[in-house]
Amino acid sequence: MSSAVDWQAAVRRAGSLARPGPSGTPAELRALVQVLRRAAKEAPGHVGEITGLSAAAAQIADVPVYVVDRARWSEANVEMFAHLTDGLLPSTTLPGSGRMAGEEMGVVLALLSTKVLGQFDPFTGGVENGRLLLVAPNVLKIERELNLDAMDFRLWVCLHEQTHAVQFAAAPWLAGHLAGRMRGLVGGVSDAPDGSARLARAFRGLVEAVTSAAGGTPQDKPDDLGGPLVDAFLDDDERARLGEIVAVMSLLEGHADVVMDAVGPAQLPSVRHIRAAFEKRRDGTSTADVMLRRVLGMDAKVAQYRNGAKFVRAVVERVGHDGLNAVWTAPETLPSAAEVADPPAWVRRVHG
């Protein structure tokens, strides 16, 4: 008997496939790491001021910040998913099946590792308040490609990721709530009579929903879960469970997008230029790029950013940031997938 996923095979495959990214002089690379670390420390203060979550922002001062390469980002995500699914994945007697599942996961993570700028991980065991990952080669690549002000862009990236850290600090129950929903989905699929045939796709749906990958072609539906590659392996109940997870991720990503753009030009003089250039890039730069992003489910990821941001802006317009902050009080105040698409419905339900 062996595990359904060989985690070490995933790490090895992702590491072997991950391209190193752009090069720079030792001085340039040292400066990149130093600026990213400094920006990560500066960002929570801005987040607290914008959102009114100053107490939560103060709590994340000691959150570990890791400036990593693509291979290490993939390894960290393998650690995260191994922790999330601990004790849930079935054993298998099929020779090599666990290794093959690990290899497939490694391929997906290697591809995603070229797109991700940063990620806040609230789940991995042994880290009390989560950990922040900043993928240095991708930050350098994008700021060069788009000819962005490096100091502004690095702070802008950190504003997004540290907003996530503030969210989880403001809602101490949120990490456990999301982890429980994810474990429930994986456990339900693996226990089904044909679970082994569908588990890999359900697991892939979680990878797509959780990893913060920038880019792709947006879809109209807030509960688009990555297309037919996932849909074909989930029944209606499982799709509903994944829809709950995606609705929460839409809130988290959209909220972070709104906050990172709300910092004034006094702190980020080129913030409007950065957003315009970044949105254009999110829609894909070539036919091949768009196709790859759709296959990976990254179009659904971008739908999370855009639909979630629309929800947040609409709610803030009606009840302000203080009213929006009701979402962090309890699981019952989180928006459903339908409410993400209909912000007034959430306002009516929560605020009357």
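All values below were derived from every heavy atom in this structure, side-chain atoms included, with hydrogens, water molecules and symmetry-related copies excluded.
- Contact annotation: the side chain of L84 approaches that of M80 to within less than 4.5 Å [non-hydrogen atoms, C-beta and beyond].
- Side chain of R181 to main chain of E244: no donor-acceptor pair is present (N/O by atom type, distance under 3.5 Å, no hydrogens or angles).
- Ion pairing of E79 with R72 is present here, as a side-chain N (NZ or NE/NH1/NH2) and a carboxylate O approach within less than 4.0 Å.
- Between the side chains of W156 and D261, at least one donor N or O lies within less than 3.5 Å of an accepting N or O.
- Residues S74 and N77 have side chains that never bring a donor and an acceptor to within less than 3.5 angstrom of each other.
- Residues V63 and L132 come closest through the heavy atom pair CG1-N, 4.1 Å.
- In terms of modelled atom types and a separation under 3.5 Å, the side chain of N138 and the main chain of S113 share a donor-acceptor contact.
- With rounding to the nearest 0.5 angstrom, the CD1 atom of I245 is 11.5 Å from the OG atom of S250.
- Side chains of H164 and Q119: a donor-acceptor N/O pair is absent below 3.5 angstrom, by distance only.
- Interatomic distance, CD1 of I142 versus CG of N147, reported as 13.0 Å (0.5 Å rounding).
- In terms of heavy atoms, I50 sits closest to H321 at O-CD2, 3.4 Å.
- At least one donor-acceptor pair closer than 3.5 Å links the side chain of R131 to the backbone N or O of A76.
- Formation of a donor-acceptor pair under 3.5 Å by the W346 side chain with backbone atoms of A341 is not found in this model.
- In this structure, L324 and V312 have side chains that are in contact, with non-hydrogen atoms separated by less than 4.5 Å.
- At distances below 3.5 Å, not a single donor-acceptor pair connects side-chain atoms of R19 with backbone N or O atoms of T114.
- Ion pairing of E103 with R99 is present here, as a side-chain N (NZ or NE/NH1/NH2) and a carboxylate O approach within less than 4.0 Å.
- In this structure, W73 and L109 have side chains that are in contact, with non-hydrogen atoms separated by less than 4.5 Å.
- Distance alone, capped at 3.5 Å, is enough to place a donor-acceptor pair between the R318 side chain and the A314 backbone.
- A donor atom on one side chain and an acceptor atom on the other are not found under 3.5 Å apart for W328 and Q167.
- The backbone N or O of S336 sits less than 3.5 Å from a side-chain atom of E339, completing a donor-acceptor pair.
- What you find for P335 and V327 is that their closest heavy atoms are CD-CG1, 4.4 Å.
- Considering all non-hydrogen atoms of both residues, L29 and G24 come closest at CD1-O, 3.8 Å.
- Rounded to the nearest 0.5 Å, atoms SG (C158) and CZ (F120) are 13.0 Å apart.
- Contact check on R275 versus D257 returns a salt bridge, with a Lys/Arg side-chain nitrogen under 4.0 Å from an Asp/Glu carboxylate oxygen.
- Counting only residues at least two apart or on different chains, no ring pair (Phe, Tyr, Trp, His ring centres under 6.0 Å) pair has a member in residues 258-277.
- With hydrogens and angles disregarded, a donor-acceptor distance shorter than 3.5 Å links the side chain of N325 to the backbone of T51.
- Between the E143 side chain and the L140 main chain, no donor and acceptor come within less than 3.5 Å of each other.
- Across all non-hydrogen atoms, the minimal contact from V340 to A247 is CG2-O, 4.0 Å.
- Under a 3.5 Å cut-off, the side chain of Q162 and the backbone N or O of A40 do form a donor-acceptor pair.
- A 4.5 Å side-chain heavy-atom check between L32 and V67 finds every atom pair outside the cut-off.
- There is no side-chain donor-acceptor pair under 3.5 Å between D152 and Q267.
- Residues R183 and T85 are not in side-chain contact: their nearest non-hydrogen atoms beyond the backbone lie 4.5 Å or more apart.
- Closest of all the heavy-atom pairs between R70 and A18 is CB-CB, 4.1 Å.
- Summarising the local packing, CZ of R272 is surrounded by 12 or fewer heavy atoms from other residues, nucleotides or ligands at distances under 6.0 Å.
- Residue pairs meeting the side-chain hydrogen bond (donor to acceptor under 3.5 Å, both in side chains) criterion with at least one member in residues 39-49, sequence neighbours excluded: E42-H46.
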Requested in this report: Could you please spell out the steps behind the side-chain contact (heavy atoms from CB on, under 4.5 Å) verdict for L178 and L252?
Outcome: CA-CA 12 Å; L178 265 177; L252 301 183; 4.2 Å; yes
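- Remark: R12 does not engage E75 in a salt bridge, criterion side-chain N to carboxylate O under 4.0 Å.
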